[in-house]
Amino acid sequence: MHKQPADTVIVLDFETTGLSPDQGDRAIEIGAVIIEQGRITDSFQRLMNPGRRVSSFIEQYTGISNAMLQDAQDCSSVMAEFAEFIDGYNLVAHNASFDRRFLDAELERIGAGYPGQFACSMLIARRLYQGAPNHRLGGLVEYKNIPTDGVFHRALADAEMTARLWLQMLEDIELDYGKVELTFRQLQQLSKTPKAGVSGYFNRQ
DNA sequence: TGCCAGGCCCTCTTTAGGGCCTT
């Protein structure tokens, strides 16, 4: 799967009750978009009931209230649906180590898995846009003048912004290096390349 | 009740500490 092109991926984002599934935190919303050959072709968005109340901080941060979650499907049924949605695709997220931990934890609860690999848009952006004031998703969207609908910290909106950032990075790489068929694996490896060596990375491929 | 992570990356580094990111 890692030999697949970089312009065909699923970009995903979780909203959660906190920062760590190891500390008992759960997912409360999943948003994702499919990018195929450089175009967004489909999306997935579900709220999910974590079985307990979320903190007022999370209500304020995400705009997802306890009232909204009360009527939502259970995590297990949403995640079973989502496992089918991502089957066959490589995955992208902004600060992917965070979303991967929650994806792994929620799927493990229902005995499901996924075949794809993860790439992190934040680690790649830190290398490509070393002059950006910061590498938060919102900061990068502003830095690259990527259009938004003004919604932040909701799963589908953040997944769409990350998808547009991903496409922007592919475009910028091709502009700088003239590479026309980037593989997912190349982007994964870029995210692990020492920052000082990034300028020649694609010329050496 | 109160508390709460983990990986990356820089530097005044490697016998460590702290900022950046994610909710």
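Letters go in sequence order (proteins before strands), and every chain restarts at 1.
A donor-acceptor contact shorter than 3.5 Å links the side chain of A:D99 to the backbone of A:F14.
Both A:T16 and A:S191 lie close to DNA chain B; mapped to their nearest nucleotides by heavy-atom distance, the more 5′-ward contact belongs to A:S191. Ranked by how close their nearest DNA chain B nucleotide is to the 5' end, A:G138 and A:S97 are led by A:S97.
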What are the atom names and distances for every N/O pair under 3.5 Å that joins the protein to nucleotides 18-20 of chain B?
| unit_1 | atom_1 | unit_2 | atom_2 | d |
| --- | --- | --- | --- | --- |
| B:dC20 | O2 | A:R126 | NH2 | 3.4 |

Heteroatom pairs (N/O) under 3.5 angstrom, protein to nucleotides 1-5 of chain B:
| unit_1 | atom_1 | unit_2 | atom_2 | d |
| --- | --- | --- | --- | --- |
| B:dC4 | O2 | A:Q23 | OE1 | 3.3 |

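Rounded to whole Å, atom P of B:dT23 lies 16 Å from atom CD of A:E106. Whole-Å rounding puts the A:D99 CG to B:dT23 P distance at 7 Å. Distance CZ (A:F118) to P (B:dT22): 15 Å, rounded to an integer number of Å. Distance, A:L103 CG to B:dT22 P: 18 Å, rounded to whole Å. Distance, A:L190 CG to B:dC8 P: 15 Å, rounded to whole Å. The separation between A:I30 atom CD1 and B:dT23 atom P is 11 Å, rounded to whole Å. We find that OH of A:Y129 is positioned 15 Å from P of B:dC21, with the value rounded to whole Å. The CZ-P distance, from A:F102 to B:dT22, rounds to 14 Å in whole Å.
Within 4.0 Å of A:L137, counting heavy atoms only, lie sugar-phosphate atoms of the nucleic acid but no base atom.
In this structure, CG on A:L140 lies 7.5 Å from CD1 on A:I146, to the nearest 0.5 angstrom. For the atom pair OG (A:S121) and CG (A:L167), the distance works out to 11.5 Å, reported to the nearest 0.5 Å.
Counting only N and O atoms by type, the side chains of A:Q73 and A:N49 include no donor and acceptor under 3.5 Å apart. Side-chain polar atoms of A:D25 and A:S20 form no donor-acceptor pair below 3.5 angstrom.
Rounded to a whole angstrom, the distance from the C1' atom of B:dT22 to that of B:dC4 is 15 Å. With P as the reference atom, B:dG18 and B:dC12 are 15 Å apart, rounded to whole Å. When the C1' atom is compared between B:dT13 and B:dC9, the two are found 12 Å apart, to the nearest whole Å. With both ends at atom C1', the span from B:dT23 to B:dG7 equals 16 Å, rounded to whole Å. Taking atom P in both B:dG2 and B:dG19, one finds a spacing of 27 Å when rounded to whole Å.
Screening residues 130-148 of chain A for side chain to side chain donor-acceptor pair (under 3.5 Å) gives A:K144-A:D172 as the qualifying pairs, with residues at least two apart or on separate chains.
Listed here is the closest heavy atom pair of A:T62 and A:I64: OG1-N, 2.9 Å.
Screening A:E15, A:E29, A:E160 against A:R154 for a salt bridge (Lys or Arg N to Asp or Glu O under 4.0 Å) leaves a single residue, A:E29.
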- Could you walk me through whether A:F85 and A:I34 pass side-chain contact (heavy atoms from CB on, under 4.5 Å), step by step? CA-CA 9 Å; A:F85 185 76; A:I34 300 182; 3.5 Å; yes
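Taking 4.0 angstrom as the limit, A:R100 places none of its side-chain polar atoms (N or O) nearer than this to OP1 or OP2 of B:dT22.
Comparing B:dT22, B:dT23, B:dC10 against the side chain of A:T62 picks out B:dT23 as the nearest. Across B:dG6, B:dC9, B:dT23, the shortest atom-to-atom separation from the side chain of A:K195 is found for B:dC9.
Counting only heavy atoms from C-beta outward, the side chains of A:R101 and A:F98 approach each other to under 4.5 Å.
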